[in-house]
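The structure follows.
Computed from heavy atoms alone, side chains included, the values below leave out hydrogens, waters and symmetry copies. Residue numbers begin at 1 in each chain, while the letters A, B, ... track the order of the sequences.
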Number of protein chains: 2
Amino acid sequence: MNTDSPSCLVQKLSHYVALDEHSLDSISRLERDERDFSKNDEIYQGGDENTYLYVVKRGWLYSYADMKDGRRQITEIHHPGDIVGFPDIAFDQRTSVLRAAEDVRLCPFPKKDLDEVFSQAPQLAALLFALSVRNQVILTDFLRAVGRMSARERIAYLLLDLRSRLRIANKSMTTTFRLPLNQTEISDVLGLTNVYVSRSFAALEKDGMIRRSNGHVEILEEEKLAKICDFVDRHVGLDTSWFPPSNG
Amino acid sequence: MNTDSPSCLVQKLSHYVALDEHSLDSISRLERDERDFSKNDEIYQGGDENTYLYVVKRGWLYSYADMKDGRRQITEIHHPGDIVGFPDIAFDQRTSVLRAAEDVRLCPFPKKDLDEVFSQAPQLAALLFALSVRNQVILTDFLRAVGRMSARERIAYLLLDLRSRLRIANKSMTTTFRLPLNQTEISDVLGLTNVYVSRSFAALEKDGMIRRSNGHVEILEEEKLAKICDFVDRHVGLDTSWFPPSNG
DNA sequence: CGGAACCTTGACGCGTCTCAAATCCAGTGG
DNA sequence: CCACTGGATTTGAGACGCGTCAAGGTTCCG
């Protein structure tokens, strides 16, 4: 049972639109169950049957895909309030692996529950749709980073993007945040090696753009960082003008 | 007016699910208008107001994002039957530029028309949702290619991906297809330079994996190509089991 | 105090980029 | 039917960013 403080999913979704009654009903149904996983647990694997999605209640996770020879690409980082698994709902098998970057708590819910969302809660359906396609834009920005930026620029991009995302859920956040990913994981996000992540991180720090200490990062020169990677914050706003009228 | 043969959007969507009456109604409303554009026309720019989406009737287009210093990343290639612009519906401004790779015909429709889809045609809403999140998986595969593969492997990946996509709309397709993109464009898709695309293309051809002639590509060794880039075809199937019951 | 995981540093190699020139090719006009 | 043209592709030479491999340091925890 969900005994936590007000659901962080509701909190995140309410950031964008006033949820009507049908939407709130549907959400609470998605958060009935809870399950804990430990750091480095793999919640599912590519090829697994694909019947559940997960709301993240606590902790960071990431999705990755790897090649037979071991090369790995992390394709998404998941934070509390995120729904994990949407990209796979179009398939009956998993297309990626979900792994806990630290100890986490998840709310699994069956994918089949979505039919009710579409037929009973069109507002929520539209919102989930909007967030899902927005993710595509964010992924697209990342593709540009990986395809066209130097190592330094990619790290700058990642840090600014993480900060923007975390700020949605935690408005009081300052310029410092916790980064529970090791450099090998970061390198797999950015298409680099752990060694070069280390060097580039050190270079950014030496230039006074950032500061690091025990798992935390501080953004010192936000504007300079944003400039070297053409950063645009995609997380703040959402155009809801085309949503169906709310019928709560 | 749409005087063409049966809409290729209907054709593509029907590939995945039997469309009910509400869905067909909604689709025909999306295809009321037609407009032609010439090769290299930019249909919209990043930052433009964002009120229309487009159904592609004829020709290839692509979306790209560029950095201030001119580096460019093509983020999606659009074919007939595709709907262009979904990723942007969450924003009120364009996040990318849409350019015609050759002469094209589009059906623009207002984004606002989608509210009716969500409230009146839940089946179509679910289908569009599914296709949209599937795109995210496809983009994710691409990210892995750009982040973790060599130039040869990336080209192999692109060719196989294009072939799979084109085969959906044209089932009679053989191993040869038309590729109306120049090598600079291909390099901007794959995060390479035009020079290195030329070299890698030539290498694949020399190894007997492909053959090229006047704007066409032939896949000679499909299995070898698939092996070097761990290719998985994401375009064939779609899990529709979670869709709301059709009420046509 | 010992060990494991992680980060840092150095030396070297390689894949891709850069720049530039040459060649090919389709379309155009004479 | 052929010269002309501009875009696209190919080819070469040299430079450089990042990868690879390996050793050494650091931090944390039992």
Side-chain angles (χ1 to χ4, degrees), chain A residues 38-41 60 67 69-73 99-103 145-158 178-207 210-217 228-229, chain B residues 38-40 60 67 69-74 99-103 145-158 178-207 210-217 228-229:
Chain A
S38 303
K39 177 170 175 163
N40 291 335
D41 279 359
W60 290 31
M67 299 180 63
D69 63 8
R71 283 176 283 181
R72 181 172 78 152
Q73 178 70 45
R99 176 194 283 240
E102 55 185 336
D103 294 350
V146 171
R148 288 303 185 201
M149 293 184 197
S150 72
R152 278 173 65 110
E153 292 164 345
R154 292 185 213 183
I155 290 179
Y157 191 87
L158 176 63
R178 193 174 60 93
L179 179 55
L181 298 174
N182 67 38
Q183 292 184 353
T184 299
E185 289 165 331
I186 293 173
S187 73
D188 285 335
V189 174
L190 297 175
L192 298 166
T193 59
N194 56 349
V195 175
Y196 218 72
V197 167
S198 172
R199 288 191 223 271
S200 309
F201 241 128
L204 285 177
E205 192 161 24
K206 178 149 161 291
D207 291 354
I210 60 168
R211 188 182 305 145
R212 293 176 292 167
S213 62
N214 64 343
H216 288 249
V217 177
I228 66 174
C229 62
Chain B
S38 303
K39 176 169 177 165
N40 290 335
W60 290 32
M67 300 180 63
D69 62 9
R71 284 177 282 182
R72 180 172 80 151
Q73 177 71 46
I74 292 179
R99 175 194 283 240
E102 55 184 337
D103 293 350
V146 171
R148 288 304 186 199
M149 292 185 199
S150 72
R152 278 173 64 109
E153 292 164 345
R154 292 185 213 183
I155 290 178
Y157 191 86
L158 176 62
R178 194 174 61 93
L179 180 56
L181 299 175
N182 67 37
Q183 293 183 354
T184 300
E185 289 165 330
I186 293 173
S187 73
D188 285 335
V189 173
L190 297 176
L192 298 165
T193 58
N194 57 350
V195 175
Y196 217 72
V197 166
S198 172
R199 288 191 222 270
S200 309
F201 240 129
L204 284 176
E205 192 161 24
K206 178 149 162 291
D207 292 353
I210 61 168
R211 189 181 304 146
R212 292 175 294 168
S213 61
N214 63 343
H216 288 249
V217 177
I228 66 174
C229 63

Protein-nucleotide distance (B/N40, atom CG; D/dG6, atom C1'), rounded to Å:
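So the CG-C1' distance, B/N40 to D/dG6, works out to 14 Å.
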
#### Entry: Phosphate OP1/OP2 of C/dT8: any A/S198 side-chain N/O under 4.0 Å
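Result: yes.
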
Query raised in the report: Just by distance, do the side chain of B/E153 and the backbone of B/C229 share a donor-acceptor pair under 3.5 Å?
Result: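 Side chain of B/E153 to backbone of B/C229: no pair is present.
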
Hey, does the side chain of A/S38 reach the backbone of A/D41 with a donor-acceptor pair shorter than 3.5 angstrom?
->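 Not confirmed, A/S38 side chain does not pair with A/D41 backbone.
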
Give the nucleotide from the list C/dT18, D/dC18, C/dG10 with an atom nearest to the side chain of B/T193.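 Looking only at side-chain atoms, B/T193 lies closest to C/dT18.
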
- Query: When we call it a touch if two heavy atoms are under 4.0 Å apart, what does A/G215 touch: a base, just sugar-phosphate, or nothing?
  - Reply: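 No contact at all - A/G215 keeps every heavy atom at 4.0 Å or more from the nucleic acid.
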
### Task
Provide, to the nearest angstrom, the distance between the CD atom belonging to A/Q183 and the P atom belonging to C/dT9.
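So the CD-P distance, A/Q183 to C/dT9, works out to 11 Å.
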
>> Ignoring hydrogens and geometry beyond distance, is the side chain of A/R199 in donor-acceptor contact with the base of C/dG10 at under 3.5 Å?
In response: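 In this structure, the two groups form a donor-acceptor pair.
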
Task: 5'-most by nearest nucleotide on DNA chain C - B/M149 or A/A202 - done: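 So the residue in question is A/A202.
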
Report which part of the nucleic acid B/V197 touches: base, sugar-phosphate, or nothing (heavy-atom distance under 4.0 Å, all strands).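 Touches nothing.
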
Checklist entry - A/N182 has an atom CG; how far is it from atom P of D/dC28, in whole Å? => result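 A/N182 atom CG is separated from D/dC28 atom P by 15 Å.
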
- [ ] Step through the shown structure and confirm whether more than 12 heavy atoms of other residues, nucleotides or ligands are within 6.0 Å of CZ on A/R178.
- [x]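 Yes - once you tally the heavy atoms of other residues, nucleotides and ligands closer than 6.0 Å, there are more than 12.
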
- Query: When the distance from CZ of A/R148 to P of D/dG17 is rounded to whole Å, what number comes out?
  - Reply: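 One finds 16 Å between P of D/dG17 and CZ of A/R148, rounded.
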
Exercise for the section: Could you state the atom-to-atom distance from CG of A/N194 to P of C/dA5 in whole Å? Expected result: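 One finds 15 Å between P of C/dA5 and CG of A/N194, rounded.
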
TODO: Measure the distance from NZ on A/K206 to P on C/dT8 and round it to the nearest whole Å.
DONE: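 Result: 14 Å.
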
Out of D/dT11, D/dT9, C/dT16, which has the shortest distance to the side chain of B/L192?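 The listed nucleotide nearest to B/L192's side chain is C/dT16.
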
| Start at the 5' end of DNA chain D and walk down; is the nucleotide closest to A/R152 or to A/V195 reached first? |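 Closest to the 5' end, via its nearest nucleotide, is A/R152.
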
Can a donor-acceptor pair be found, under 3.5 Å and without considering hydrogens, that links the side chain of A/R148 to the backbone of B/R71?
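The answer is no, because no donor-acceptor pair under 3.5 Å joins these two groups.
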
Roughly, in whole Å, what's the span from CG in B/N214 to P in D/dA8?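 To the nearest whole Å, that distance equals 16 Å.
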
- Message: Output the rounded distance in Å from CG (A/L181) to C1' (C/dC6).
- Response: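 One finds 13 Å between C1' of C/dC6 and CG of A/L181, rounded.
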
*asked:* Side chain of B/Y196, heavy atoms from C-beta onward: which of C/dC17, C/dT9, D/dT10 has the nearest atom to it?
replied: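 For the B/Y196 side chain, the nearest candidate turns out to be C/dC17.
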
- Counting any heavy atom closer than 4.0 Å, what does A/R212 reach on the DNA or RNA strands: base, sugar-phosphate only, or nothing?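 If one applies the 4.0 Å heavy-atom cut-off, A/R212 turns out to touch the sugar-phosphate alone, with no base involved.
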
Do you know which two heavy atoms are closest between B/Q73 and B/D188, and how far apart they sit?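 It is NE2-O, 3.1 Å.
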
